[in-house]
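Everything below concerns the one structure shown next.
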Protein chains: 2
Amino acid sequence: MHNKIDCQDERFSPKTNHIDSSECQLCEVRACGMCSELDTATLNDLRKITRSRDYKAGELIFSDDAPLQSYAAIKSGIVKLSKILPDGRQQTLGLGFPPDFIGRTYKDKNTYFVSAITNVTVCTFPRDLFNEYLKATPSLEHRLFELTLNELDAARDWMLMLGRMSAIEKVATLLLSFADRLYKSNSLQGIPCDETHFELPLTRSEISDFLGLTIETVSRQFSLLKKKGLIGITQQRFIEILDKEGLSLLAGQLKET
Amino acid sequence: MHNKIDCQDERFSPKTNHIDSSECQLCEVRACGMCSELDTATLNDLRKITRSRDYKAGELIFSDDAPLQSYAAIKSGIVKLSKILPDGRQQTLGLGFPPDFIGRTYKDKNTYFVSAITNVTVCTFPRDLFNEYLKATPSLEHRLFELTLNELDAARDWMLMLGRMSAIEKVATLLLSFADRLYKSNSLQGIPCDETHFELPLTRSEISDFLGLTIETVSRQFSLLKKKGLIGITQQRFIEILDKEGLSLLAGQLKET
DNA sequence: CGGTACTTTGAGAATCGTCAAAGATAGTGG
DNA sequence: CCACTATCTTTGACGATTCTCAAAGTACCG
């Protein structure tokens, strides 16, 4: 019985916890995540097969080859999706923020890795049971469809960046994107913040994997942006956007006037 | 009445045709496309709001800024999705083959261009009416969800290519991908073909937009592959794969032994 | 305080882009 | 049938951007 439910791959930290009903009501991502379309009864049913689980920064959540045993929804923290070429070259495909859903529905494998960038808490759902819910609950499938469409939009935006932008444009684009995303995410959770200051949750190495560059090139672009007075950097991770318009111009999404 | 149905943007070739019921039965993409999950009654309903439409090679099908008036399903031919930076740099996001669906559901705009690579025939559906069908028909939404997941998988494969592959690897990957896709597509339609000979439907310029390279670099990689004896080229467009394993090795997806 | 991991900076090399020109192909009209 | 043109492709020379390799600097943690 317990086996059936706790079917997360046990090679990685095996700790999972049951979810009680008050937790769902209090869940920060209840309103906008995959659960947002579910009525209380359905949510309660789903809750019974759901386990909460924590991952430390850097831990692997799903591998790209092991059969997918469960799906997950991010409650807090940031994850990255990535692919690796046989010779070790790595490309990050996108980031997952709360309340993103992770796992490839309708296939028994992910074709990419999912790993924790920061400490992460997720709700996990055993694959087989969740699939049955999905089949029986069109509103849930509808919500997942919408989330998937958003992911596809994001993937295509990054394709333009990867294929056609210079190193400096890529870095400027990433910074603007983070400023926006973190601001919205923090505001939503009631955390005081402003649009121009934020902490980059990624190392230079993670950034380079995301932008299709090397660490050194990324570092050079940061130095360049600082020298141009467009951004300020403190402690390597804390970014201040000093000239948002200038940065947007560099990012190449605005037409020069 | 006619306005309501023929709401395709009229700036582009305005010719549309009604679909009669026998046409749906004979449709080449009936079995695997978005219609595959629909029963006869639903299909007949949908058919009433559907119009067939032809586009010549090169024609624009959907723009990236005009409000989306209709969706479409590809019956024959190949389309490309692309984005353009304000300064004119272009990136192709993917190709659409029969029976792909085109158009962003649940948003009133595409964020990319869709244009015909070859001559193309599509079924078009007025947006408002189709949305109502979609809401009322979970099986249709399920099918579109599956197609979208496949698109997302494809987009992520190309992200790895765009971000981390060298020019020669990109070209090798593209050729292998086309050999496979065209072989499957032709086989499905009963067209005699083999896996090693095919006609590239893209110009060098379209290839370069797809791979995130320049025309010249693409051309040089073709010459290189020819010189290495991995491929043969006749009339610039007809490709013969002479050494599939060697090409796969170059594409970087196989581990060197 | 020392060790580890991350970041920055520099020098030189490789890859890819730019500019230019010549070669090939397809379509047009005489 | 053959020039003629427009478009696409190939090739070359050169330059710019990015990568590689190496070393020094900085932050973090016990």
Side-chain angles (χ1 to χ4, degrees), chain A residues 56-59 80 85 87-91 117-119 161-175 199-228 231-239 250 252, chain B residues 56-59 80 85 87-91 117-119 161-175 199-228 231-239 250 252:
Chain A
K56 292 226 164 64
E59 272 188 289
K80 69 169 178 183
L85 247 18
D87 65 2
R89 283 174 288 175
Q90 188 169 144
Q91 177 63 50
I117 294 233
T118 62
N119 289 343
M161 178 216 69
L162 288 172
R164 288 302 183 200
M165 283 190 185
S166 67
I168 189 89
E169 290 171 322
K170 286 178 175 180
V171 172
T173 301
L174 181 87
L175 290 176
E199 179 184 357
L200 252 186
L202 307 178
T203 65
R204 297 289 185 271
S205 168
E206 286 166 332
I207 293 172
S208 68
D209 283 339
F210 202 174
L211 303 182
L213 299 169
T214 58
I215 300 181
E216 296 93 330
T217 301
V218 169
S219 180
R220 278 184 246 273
Q221 306 315 316
F222 272 101
S223 303
L224 231 151
L225 290 174
K226 200 165 67 175
K227 210 169 69 183
K228 288 190 177 197
I231 62 170
I233 307 174
T234 47
Q235 287 177 294
Q236 297 173 339
R237 292 285 200 99
F238 292 89
I239 306 292
L250 242 184
Chain B
K56 291 224 166 66
E59 273 187 289
K80 69 169 179 184
L85 247 18
D87 65 3
R89 282 174 290 175
Q90 191 169 141
Q91 177 64 48
I117 292 229
T118 62
N119 290 343
M161 180 216 65
L162 287 171
R164 287 302 181 200
M165 284 189 185
S166 67
I168 190 88
E169 291 173 321
K170 286 179 176 180
V171 172
T173 302
L174 182 86
L175 289 176
E199 181 185 356
L200 253 186
L202 307 177
T203 65
R204 296 289 186 272
S205 168
E206 287 166 332
I207 293 172
S208 68
D209 283 339
F210 202 175
L211 303 182
L213 300 169
T214 59
I215 299 179
E216 296 93 330
T217 300
V218 170
S219 180
R220 277 184 247 273
Q221 307 314 316
F222 271 101
S223 303
L224 231 151
L225 290 174
K226 200 166 67 176
K227 210 168 72 183
K228 289 191 176 196
I231 63 169
I233 308 174
T234 48
Q235 288 179 294
Q236 296 173 338
R237 291 286 199 101
F238 292 89
I239 306 291
L250 242 184

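These numbers were taken from a predicted model, which means no experiment stands behind them. Sequence lines set the chain letters: A, B, ... in the order given, protein chains first and strands last, and positions in each chain run from 1.
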Expressed as a whole number of angstroms, how long is the span from B/Phe222:CZ to D/dT9:P? 9 Å
Could you report the tightest heavy-atom contact between B/Ala57 and B/Ile117, atom names first, then the distance? CB-O, 3.3 Å
Under the salt bridge (Lys or Arg N to Asp or Glu O under 4.0 Å) test, residues paired with A/Arg89 that sit two or more places apart: A/Asp87, B/Glu169
Among residues at least two apart in sequence or on other chains, which ones pass side chain to side chain contact (heavy atoms under 4.5 Å, CB included) with B/Gln236? B/Arg204
Heavy atoms under 4.0 Å, any strand shown: does A/Ser223 hit a base, just sugar-phosphate, or nothing? sugar-phosphate
Are the side chain of B/Gln91 and the backbone of B/Asp209 linked by a donor-acceptor contact shorter than 3.5 Å? yes
Going 5' to 3' through nucleotides 15-26 of chain D and flagging B where a protein heavy-atom sits under 4.0 Å of the base, S where only the sugar-phosphate is that close, and - otherwise, we get ---SSBB-----
Extract, from 5' to 3' on DNA chain C, the first and final nucleotides lying under 4.0 angstrom from some heavy atom of chain B. C/dC16 to C/dA26
Would you name the heavy atoms of A/Met161 and A/Phe210 that are closest together and state the gap between them? CE-O, 4.0 Å
Bend across the helix from C/dC1-D/dG30 to C/dG30-D/dC1, to 10°, with axes taken over 5 pairs at each end? 40°
Heavy-atom side-chain proximity of A/Arg237 to A/Thr203 below 4.5 angstrom: yes
Tell me which donor-acceptor pairs under 3.5 Å the side chains of residues 215-226 of chain A have, and how far apart each pair is, sequence neighbours excluded?
| residue | atom | partner | partner atom | Å |
| --- | --- | --- | --- | --- |
| A/Thr217 | OG1 | A/Thr214 | OG1 | 3.0 |
| A/Gln221 | NE2 | A/Thr217 | O | 3.3 |
| A/Ser223 | OG | A/Ser219 | O | 3.1 |

Would you mind reporting whether A/Met165 and A/Leu211 have side-chain heavy atoms less than 4.5 Å apart? no
